[in-house]
Amino acid sequence: MANAAMSDQLQGMTSVVTGAGRGIGRGIALVLASRGAAVSVSDIDASAAQELATEIEQSGGRAMAGQVDVTSQDSLNEWIQASIEELGKVDICVPNAGVIGAAGFTERKDYNSDDWRMTWDINVRGMINTADAVMPHMKERKFGKIVNIASHGGRAPRGVPDPGRGSVQMPYSVSKAAAIQWTHLLAIELGRYNINVNAVCPGRLWTPMWEAIALNHKALNPDVADLSAREIFDRNIRATMPLGRPQTPEDIGKAVAFLASEDASQITGQALNVNGGAIMN
Ligand SMILES: NC(=O)c1ccc[n+]([C@@H]2O[C@H](COP(=O)([O-])OP(=O)(O)OC[C@H]3O[C@@H](n4cnc5c(N)ncnc54)[C@H](O)[C@@H]3O)[C@@H](O)[C@H]2O)c1
């Protein structure tokens, strides 16, 4: 669990994280484990999830893995049930799995109806399906922490690098706005069960998701055709982030750990930007 400083902030708690095979989800799982939580990780990529669970166990943590497609309620229900059986309970649920949609296709200049469907099914329905799978258990126990991974792209259109390229970002940004509104509404519904529902809105991280965005940008914009995908990303960070540096999966994991901890017991219905100050609402 390199770089994830050990603490007992979440000692005795158990957690589930979707889309944990790589990127932000992986970082979240490693931080939760480093804070003492047992972690059930899932991904559509079964071997990536299994490798992460093995890594956590080898570092002294408690972990299990499942193969889950968040668009399938059945696969989520089975994994949550298996997690409850193996770990005894689920205290913390992190619906993290997400896709960038149209902007993930190098040559795509605009969205099409498949982009809308795919982005909606995974980013919005997948998040709702995950909560639906875990909610009966949390309601029964009158305890739970749901931390949705949204995006600052769901708050303001400033994530769009260039005027004229906005449409390629639309399915993603609209899905993340829906994720934030879902967080607010679910918090109202679940407060009486002592379940906190919050979101973290990451800014920009160098994961395969942002690499795809940069490659799309490079293919469509002659001004940056000579730059590498990473150079395009770095330029974007310098231009938009007061702190001048990208976020890391661990940064997002630390925010999730805080919102899942007792220190945040009075915080619900909030969406916390972890974005170097790029968007301030
Ligand atoms: N990278 C960023 O800059 C950034 C910024 C803001 C928000 N986010 C959000 O953070 C989350 C993670 O992003 P990331 O950058 O780590 O992306 P990523 O593409 O690196 O990883 C996403 C993970 O989700 C999994 N996944 C995809 N479809 C799935 C499905 N149907 N069922 C289960 N798992 C599935 C993938 O296999 C992968 O392991 C997403 O919700 C994303 O929208 C990312």
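If you read the sequence from its start, that first residue is 1, and numbering goes on from there. Keep in mind that what you see is a predicted model, and the values were worked out from it rather than measured. Just so you know, ligand 1 is whichever comes first in the structure, and atom 1 is the first atom listed for that ligand. Values reported hereafter were calculated over all heavy atoms of this structure, with side chains retained and with hydrogens, waters and symmetry mates removed.
- Between the side chain of Gln9 and the backbone N or O of Arg35 there is no donor-acceptor pair closer than 3.5 Å.
- With a heavy-atom cut-off of 4.0 Å, Thr207 touches ligand 1 through its side chain alone.
- Scanning the protein heavy atoms around atom 24 (O) of ligand 1, the nearest turns out to be Gly19 CA, 3.6 Å.
- The main-chain N or O of Glu55 is never found under 3.5 Å from a side-chain atom of Gln58 such that the two would form a donor-acceptor pair.
- Protein heavy atom closest to atom 43 (O) of ligand 1, with residue, atom name and distance, is Tyr172 OH, 2.6 Å.
- Not a single donor-acceptor pair under 3.5 Å links the side chain of Asn198 to the backbone N or O of Ile146.
- Each of Pro95, Ser175, Pro171 was checked for a side chain to side chain contact (heavy atoms under 4.5 Å, CB included) with Asn123, and the lone residue meeting it is Ser175.
- Only the side chain of Lys176 comes within 4.0 Å of ligand 1, judged by heavy-atom distances.
- Ranking protein heavy atoms by distance to atom 22 (C) of ligand 1, first place goes to Gly98 O, 3.9 Å.
- Neither the backbone nor the side chain of Ala20 has a heavy atom within less than 4.0 Å of ligand 1.
- For ligand 1, the polar-atom distance check finds no N/O of Ser151 at less than 3.5 Å from any of the ligand's N/O atoms.
- Of the protein's non-hydrogen atoms, the one nearest atom 19 (O) of ligand 1 is Arg22 NH2, 2.7 Å.
- A donor-acceptor pair under 3.5 Å is absent between the side-chain atoms of Asn148 and the main chain of Ala199, judged by distance alone.
- The distance from ligand 1 to the heavy atoms of Gly23 drops below 4.0 Å at these ligand atoms: 16 (O).
- Looking at Thr18 against ligand 1, nothing comes within 4.0 Å, counting heavy atoms.
- Ligand 1 is approached by Ala150 to a heavy-atom distance shorter than 4.0 Å.
- Among Asn96, Ile44, Ile28, the residue whose heavy atom lies nearest to atom 41 (O) of ligand 1 is Asn96.
- Between atom 44 (C) of ligand 1 and the options Ile24, Val200, Val41, the minimum heavy-atom separation is to Ile24.
- Under a cutoff of 6.0 Å and an axis angle of 45°, Lys142 and Tyr193 do not form a cation-pi pair.
- A donor-acceptor pair under 3.5 Å is formed between the side chain of Asn216 and the backbone N or O of Arg108.
- Heavy-atom separations between Pro208 and ligand 1 include at least one value shorter than 4.0 Å.
- By heavy-atom distance, the residue among Val70, Leu205, Asn148, Asp43 lying nearest atom 36 (C) of ligand 1 is Asp43.
- Interface of Val68 with ligand 1, defined as ligand atoms under 4.0 Å from a residue heavy atom, comprises 32 (N), 33 (C).
- At distances below 3.5 Å, at least one donor-acceptor pair connects side-chain atoms of Glu57 with backbone N or O atoms of Ala63.
- At under 3.5 Å, a nitrogen or oxygen of Asp69, whether backbone or side chain, sits near a nitrogen or oxygen of ligand 1.
- Because its NZ or CZ atom is both nearer than 6.0 Å to the ring centre of Trp206 and within 45° of the ring axis, Arg230 counts as a cation-pi partner of that residue.
- Under a hydrophobic clustering in which Ile, Leu, Val, Met, Phe, Trp and Tyr are joined whenever their side-chain heavy atoms come within less than 4.5 Å, directly or via other members, Val16 and Ile128 fall into the same cluster.
- In this structure, Leu87 belongs to a hydrophobic cluster whose other members, linked by side-chain heavy atoms under 4.5 Å apart, are Met64.
- The backbone N or O of Asp263 sits less than 3.5 Å from a side-chain atom of Ser261, completing a donor-acceptor pair.
- Looking only at protein heavy atoms, the nearest one to atom 27 (C) of ligand 1 is Val99 CG1, 4.1 Å.
- For a threshold of 3.5 Å applied to N or O pairs, the pair formed by Ile122 and ligand 1 contains no separation below that value.
- Of the protein's heavy atoms, Gly203 O, 3.1 Å lies nearest to atom 5 (C) of ligand 1.
- Looking only at distances, a side-chain donor or acceptor of Arg155 sits under 3.5 Å from a matching main-chain atom of Asn281.
- Numbered from 1 in the order shown, with element, the atoms of ligand 1 that lie under 4.0 Å from a heavy atom of Arg204 read 3 (O).
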